[in-house]
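Just so it is clear, the model here is predicted, and its values are computed rather than measured. Every chain is numbered from 1, with letters handed out A, B, ... down the list of sequences.
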Amino acid sequence: MISKLTKIGAIAVAGALLMTACGEDTNSTKASAAGASGGDIVVGSVNALSGGATFPEASAASKAVFDAFNASGGINGKKINYVITDDKGDPSTASQSARDVVESKKAVAMVGSASLLDCDVNAKYYQQNKILSLQGTGVDPACFSSPAVSPVNVGPFLDTEMTLTYGSEKLGLTDICGFLEIAGSTGPAYKAAIDNWSKKTGKSLKFLDDSVPLGSPDFTPQVIKAKNSGCKAVFINAIEPDAIGLLKAAEAQGLTDVTWLFLTSTYTSEFAKAAGSAGKGVYVPAEFAPFTDPKEAANKDWRALMEKNNIPLTSFAQGGYLAATYFIEVLKGIKGDITRQSVTDALLAMKPIDNPMVGTPYVFGPGDKHGSNTAAWPVQLKDGAWVKASDTWMLQN
Amino acid sequence: MLQGALAGLAAGGLYAVIAVCLTLMARLVRVVNFSQVAIGMFAAYLAVIFAEQHLPQWAATAAGVCVGAVVSGLIGWIIAQWLPEAGIGARSAVSVASLLLLVSLSFILFGSKPKTFKSLLPGPAFSVGNVVVTQVTVVMVALALVVAVGCHVLLTKSKIGTKLRALSERPTTAELLGVPAKGLSIAVWVGTGLISAAAVSIVAPTQTNDPISLSFIIVPASAAALLGGFRRLDLAVVGGLALGMLQGALAQFEQMSVLRYWVPFLIIVVFLLWTQRKEVWDVAR
């Protein structure tokens, strides 16, 4: 009897460990999507195309920009060969993908990448190989602290500071409580962002609970904690499913009179629909001109290109589009051969590029770290749809 | 503390229902079914897709639950067909493969963007202090009790229960005596698939409902089933409810909130140590 029970127990443990170990593999069962649009100037990207958190729109948008550029003749008779690789949310695959693009395919630059771990895994490698990355969507802290990477988006850390600043300074909220879901090495960066907000505004969170795991199935205990602590606003860095879980638990517990300060990661049409009535009071700093407003003039060209290529309208698609657009602008300024060296030199020496889709100009430059996008457009959820909460950009110094 | 424990009752109810299903599977068909919640997750997502085709919510949920039961039966048929004499390890490995398959299939079929789940049981049942006990929580706890008591009665008082027990204790002997082993095994799979699909479909609209978050509820549910040694239905129910409430209570204390996610693993390890306590090292090896 005991040995049978032990056997069952051992299988349970083995299964649990196997599932934990297979977590990433589970997320990467879709076929690796690698594509090339044919041409002479190789440009690469490392993306999360398969798995639980996927961002395929960024590289798809970059490809649409490059395809349109090639169709209009390219540059000096040369066309861009855009290579899209899938890191499957797996560090070793991300590393292999980068080496394949940089060494085998001889890419001149990385453009429009959108990944949870590309920067963490590959930033030093890019630096060693003197290749620069115009990240379409930078997520991990290394994207904002490497000389070789300059994201076009604001990123989750400055976004944290901005959503808190908007809440405390523009909405005049008090008693803001904080929950953090820490993935990988992001903890210190989030805490530094919250410290920055505190230093600049002189305000602090009622409490900060950084023990919320990614993918927590039930947020009722967190909601009760917020309720018992008298929180009037709640900040969380959750991605879409978790944020919906929090809102649903709050609705069930009758915690409906609080303001929710979320990040751009929840700014999607699907989130607005899925949150439904529970989404009342959600505010998000959108990192690019709000795409949910069909009349937004800044997005006109982007929207037309995305619709023509059947690419979903998301912030990721905006990031990929902008990265490719900036890259072409820099490419046009290069005199002589277009090589990795000449592209790197041009990016390091480039002048800031304005675009109405962002509140601050984009620049790479020679700095040790990059983060030129420091503006966001506040949006809020109303009746199951996103609407602008402001008529202008919010700048974060 | 009490409020935190009550807050964890919603999760505990689901753990209890799944733990009962896991115990039944381990006892009757010799499988630790790691795909138990994934089957329910798949059914819940199918219900959303059916509802998008303008089916009434109850009909969409019922259709999803039925398909979930069929999927469960299919996995059971595969095991009964090709691994009838295999040990519990090999049979359980099939359920791990099924779990991974169902999660992957969900991403392929339903995408990775949030889906609009509509609740069948909206609203509160009653309140205790600051905590609202929802209708979903009440139904989950009741479902766990009803399923556990119902299965106990079925197994001890009915002819089919006697056959199931015979099959579980002496499979070959039972088969030689004319007990339809394959059919009964598949029926157990369909039955537990139906229960877990119904439970997950009821709970999914009220919580985080992406395929991975839902499917991995199997970990705490397994810990709850372990409290009953994968044999006792009553302890599986108590284990599920206690685990949920303990996690809810621990979440209220800053220093201890991290600990709550280790509780299922602690239970599994303590259980293994306890069952091994009288083993001599060489013999145990």
Quiz prompt | Region of A:Ser229 that comes under 4.5 Å of a non-hydrogen atom in chain B | solution = neither
Exercise. Tell me, out of A:Ser216, A:Ala249, A:Pro312, A:Gly276, who's got the most heavy-atom pairs with chain B below 4.5 Å.
Key: A:Ser216
Quiz prompt | Top of B:Ala225, B:Ser213, B:Pro114 for chain A proximity - count of heavy-atom pairs under 4.5 angstrom | solution = B:Pro114
Exercise. Identify which part of B:Ile217 has an atom lying under 4.5 Å from any heavy atom of chain A, answering side chain, backbone, both or neither.
Key: side chain
Practice problem: Measure the spacing between OG of A:Ser50 and NZ of A:Lys88 and express it to the nearest 0.5 Å. | Solution: 6.0 Å
Exercise. Give a yes-or-no answer on whether the side chains of B:Gln36 and B:Ser196 include a donor-acceptor pair shorter than 3.5 Å.
Key: yes
Quiz item: For the rings on A:Phe207 and A:Phe179, is their centre-to-centre separation under 6.0 Å?
Solution: yes
Quiz item: Where does B:Thr206 contact chain A at under 4.5 Å (heavy atoms): side chain, backbone, both or neither?
Solution: backbone
Quiz item: Between A:Leu247, A:Val212, A:Ile224, A:Leu255, which has the largest tally of heavy atom pairs under 4.5 Å with chain B?
Solution: A:Ile224
Quiz item: So which part of A:Ile244 gets closer than 4.5 Å to some heavy atom of chain B, the side chain, the backbone, both or neither?
Solution: side chain
Quiz item: Are A:Glu251 and A:Ser277 close enough that a side-chain donor and a side-chain acceptor fall under 3.5 Å?
Solution: yes
Practice problem: Select one option (side chain, backbone, both, neither) describing which atoms of B:Pro122 are under 4.5 Å from chain A's heavy atoms. | Solution: neither
Practice problem: Mind checking ring-ring contact (aromatic ring centres under 6.0 Å, His included) for A:Phe291 and listing every partner two or more places apart, or none if nothing turns up? | Solution: A:Tyr267
Quiz item: For A:Asp118, which residues count as a side chain to side chain donor-acceptor pair (under 3.5 Å) partner, sequence neighbours excluded?
Solution: A:Asn122, A:Tyr126, A:Gln135
Quiz prompt | Pairwise distance CZ(B:Phe110) to CG(B:Leu105) - rounded to 0.5 angstrom | solution = 7.0 Å
Quiz prompt | Residue selection (most heavy-atom pairs with chain A, distance under 4.5 Å) from B:Val131, B:Thr134, B:Leu9, B:Leu14 | solution = B:Val131
